[in-house]
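Per chain, numbering begins at 1; letters A, B, ... match sequence-line order.
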Number of protein chains: 2
Amino acid sequence: MDTSDKRSVRVRNLSALLTAVHRTGGASRAALTLATTLNRSTVGALVGELAELGLVVETQPAESGGVGRPSPVVVPADGLVVAALVPEADAVTVALVGLGGRILARRRIARDAPPRAEELPALAAATLDDLRREAGGPRILTLGVAVPGLVRASDGLVRLAPHLGWRDAPLGSMLEKACDVPVLLANDATLGAIAESVFGAARGHADAVYLNGGSSGIGGGILAGGVPLTGSAGYAGEFGHTHVADDDKRDAAGVPGTLESEVTRESLLRVLGLGAVDADALEAALVASADPVVLAEVDRQLDYVATTVGTVVNILNPQVLVLGGFLAALDAARPGRLTGLLRDRAMAVPLEALEVRRAELGSDLLVIGAAELALGPILAEPNAVAGRDALRAGRLRR
Amino acid sequence: MDTSDKRSVRVRNLSALLTAVHRTGGASRAALTLATTLNRSTVGALVGELAELGLVVETQPAESGGVGRPSPVVVPADGLVVAALVPEADAVTVALVGLGGRILARRRIARDAPPRAEELPALAAATLDDLRREAGGPRILTLGVAVPGLVRASDGLVRLAPHLGWRDAPLGSMLEKACDVPVLLANDATLGAIAESVFGAARGHADAVYLNGGSSGIGGGILAGGVPLTGSAGYAGEFGHTHVADDDKRDAAGVPGTLESEVTRESLLRVLGLGAVDADALEAALVASADPVVLAEVDRQLDYVATTVGTVVNILNPQVLVLGGFLAALDAARPGRLTGLLRDRAMAVPLEALEVRRAELGSDLLVIGAAELALGPILAEPNAVAGRDALRAGRLRR
DNA sequence: CTGATATGTTGCAGACGCAAACAATCCCTC
DNA sequence: GAGGGATTGTTTGCGTCTGCAACATATCAG
């Protein structure tokens with residue numbers, strides 16, 4: 001039951017206000033008053049409390065824009081930040097991110113082999129110390145981790161991360177011990193969806209689906225009613241394993257005829273005759289190519305993508321579909337083809353309002369996503385920043 | 001921004017309390033205090049207000065169960081009800097439902113041809129008058145309609161109801177004029193999902209998927225985080241049109257190789273050699289049959305069902321999958337087969353905790369679902385019962 | 001009949017947001 | 001450049017709501 005005593009009112013209003021500051025990156029008190037529909041005096045008091053907590057600072061009014069008394073601008077403070085950790089098969093990225101989504105410091109540590117879960121805590125702790133010094137010694141409130149695999153929402157256990165070779169890795173508790181901050185973990189594609197919805201292509205849309213193609217496979221995330229859809233245990237969004245063809249090709253999870261077994265980055269690189277290149281180079285090559293073999297492969301893959309997207313449209317009726325990674329490149333190589341195919345794969349009515357867009361956040365995506373995860377408890381309860389134990393409670397849940 | 005002035009606290013607490021009374025069907029004040037985590041005195045005041053509004057009545061304490069002062073039992077009042085309207089291809093059902101989900105009066109009007117949208121308002125108004133007399137003249141607060149088709153959430157326009165032959169029917173506004181109550185409309189399978197989640201097989205689970213097989217096709221509904229997932233325009237849950245096979249059989253929506261084109265009630269009736277029978281008879285015949293042709297057809301259909309369910313598990317990670325209509329019969333005819341097939345169609349990890357159940361509400365399903373829709377605004381804002389215009393606002397949205 | 005237990009009831013205090021009155025600051029116009 | 005209008009911050013008082021604590025009430029166990 002969603003009851004509320006009187007104290008929760010303050011918490012909710014602080015949360016709404018801080019969220020507004022975070023999402024806009026800073027706004028005048030007058031604008032915040034408008035955005036929250038609260039009273040001037042109330043906003044004044046709330047901003048005062050947030051400032052006292054060290055979460056925001058009030059700066060001089062911007063250059064005068066109109067008539068009337070200038071309104072001080074409320075911007076995120078620098079002294080409190082969250083950390084982001086993104087372990088991938090070929091690199092580990094660590095970053096410090098402030099409110100407003102500003103990346104204050106980041107370091108990408110290239111790796112020959114996938115990082116083992118056991119070595120991450122020490123690596124993360126040392127790197128965070130460095131970054132903290134670089135950034136002028138802010139206090140790190142929480143640490144968010146974008147895991148390329150299945151993360152159990154209840155306790156943050158990494159059940160399976162095929163491309164890292166992890167199984168049932170208690171990364172969260174190990175990191176908490178090593179870094180001495182509350183740690184939150186979630187699936188990387190789910191966090192990508194959140195990042196794109198807060199700062200990227202799905203900004204302002206309550207119902208969006210993010211579909212990402214990476215070297216490790218295809219994943220995604222769902223926003224339903226403005227809230228990330230996690231599923232009962234946190235495993236939602238595995239679009240790569242939807243059925244698209246009646247064949248026996250099996251994907252990494254052993255499921256036959258799935259999107260991920262038919263649509264791969266490797267096939268594209270092969271027909272292009274390319275080796276290991278980054279996302280931009282792959283897209284440039286795809287767009288430039290007139291080779292019929294390449295076109296055929298692009299069209300073949302787009303056909304399967306359309307099948308999955310059709311299913312997504314029928315089931316979830318999103319307003320925005322955001323394509324990331326090489327899926328965006330596929331769409332760019334054959335403009336309009338995907339949306340054309342969809343007319344035969346999805347019901348006409350839910351297709352009417354669908355917008356297909358490409359991801360906007362590029363290489364910042366997962367850092368922003370992990371930071372967004374880490375910011376969750378702070379935005380939800382700005383009051384509780386003092387006692388960090390209070391932040392340890394919920395992981396990605398609603 | 002989800003801010004809240006002080007008055008909304010009262011509203012939220014009243015809502016939580018009334019929702020608890022509704023879902024339990026009646027509870028002692030002590031139990032409500034426990035359920036809401038509110039204070040004894042607060043619950044007392046809130047119950048008093050709900051009683052004054054005519055929504056609940058306090059009855060004598062139940063036969064003494066333990067030590068201590070007996071706690072009066074709070075039960076839904078009879079004087080305020082909602083109406084449910086369920087138009088189907090072969091019948092129109094009208095009912096009055098009280099808080100607590102009790103059906104006070106119902107009438108099923110059999111039809112030879114599907115009802116036209118234009119004739120429904122008069123029919124509904126007349127039948128409601130009759131039922132109201134039968135039930136002792138309660139006040140009807142709202143009317144909920146379970147539409148077998150796509151309903152635009154923003155204004156309740158029926159975009160498409162193939163089995164009724166409707167397209168862009170403004171049923172909501174017509175009904176409001178004829179019946180003089182706020183009208184809320186939603187897709188029937190979505191409402192079935194809600195009904196099963198409140199009073200049926202998915203009770204107590206926040207993440208559930210309902211999959212229904214009817215004579216008109218396959219539909220469903222999603223509960224994510226305890227909230228019905230509507231999608232951006234209200235069209236979510238069309239599982240019948242997910243891709244399951246690489247063939248050209250097209251379903252009613254013109255999409256080829258979908259669940260609905262492969263899995264049909266008619267095929268089952270055909271192999272069984274049956275004519276028009278009800279759900280129970282179909283299931284009995286399926287379970288009893290040892291005909292290899294029947295078994296083969298059942299297995300063929302279950303195979304396709306497994307493909308869609310696998311996709312659902314991968315994408316949504318529900319904890320409970322509720323099967324309704326002839327899909328429940330298919331599962332009953334071959335116990336364990338569906339769950340066995342799933343091991344090859346879904347990822348192992350999200351499959352771990354999945355429970356497959358059958359729907360429990362039977363023929364009451366859509367009446368309860370429509371009533372639940374109609375009760376939504378009342379449960380959300382018990383305060384506003386007096387001014388019925390306040391109820392007219394939101395349709396199915398969260 | 002008495003004590004223990006559980007719960008309703010009452011009065012009071014704390015917290016909170018809102019409204020209104022007042023002050024500050026900027027733009028615009030004459 | 002002085003005054004008016006407009007917008008917004010600030011302060012104060014008030015109403016509402018919930019929690020708490022003390023007291024009252026009703027049942028059970030013996």
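Pairs passing the ring-ring contact (aromatic ring centres under 6.0 Å, His included) check and including a residue from residues 25-62 of chain B, sequence neighbours excluded, do not occur. Here ring-ring contact (aromatic ring centres under 6.0 Å, His included) pairs that include residues 29-62 of chain B, with residues two or more places apart or in two chains, number zero. Sorted pairs that involve residues 33-55 of chain B and meet ring-ring contact (aromatic ring centres under 6.0 Å, His included), not counting sequence neighbours, are lacking altogether.
Between A:L38 atom CG and C:dC16 atom C1' there is a gap of 11 Å when expressed in whole angstrom units. Rounded to a whole Å, the CG atom of A:L46 is 13 Å from the P atom of D:dT10. Nucleotide C:dG17 holds its P atom 10 Å from the CZ atom of A:R12, rounded to whole Å. Here the C1' atom of nucleotide C:dC16 and the CG atom of A:L14 are 11 Å apart, to the nearest Å. Between A:R10 atom CZ and C:dC18 atom P there is a gap of 11 Å when expressed in whole angstrom units.
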> How does each nucleotide of nucleotides 4-10 of chain C score, in 5' to 3' order, for protein heavy atoms under 4.0 Å: base (B), sugar-phosphate only (S), or none (-)?
Replying inline: -BBBBBB
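Not counting sequence neighbours, the partners of A:R102 by the salt bridge (Lys or Arg N to Asp or Glu O under 4.0 Å) test are A:D78. Not counting sequence neighbours, the partners of B:R29 by the salt bridge (Lys or Arg N to Asp or Glu O under 4.0 Å) test are B:E58.
Phosphate contact (OP1/OP2 of D:dT18, side-chain N/O of B:N13, threshold under 4.0 Å): present.
With respect to B:L375, the side chain to side chain contact (heavy atoms under 4.5 Å, CB included) criterion is satisfied by exactly one of B:V198, B:L141, B:L18, B:L99: B:L99.
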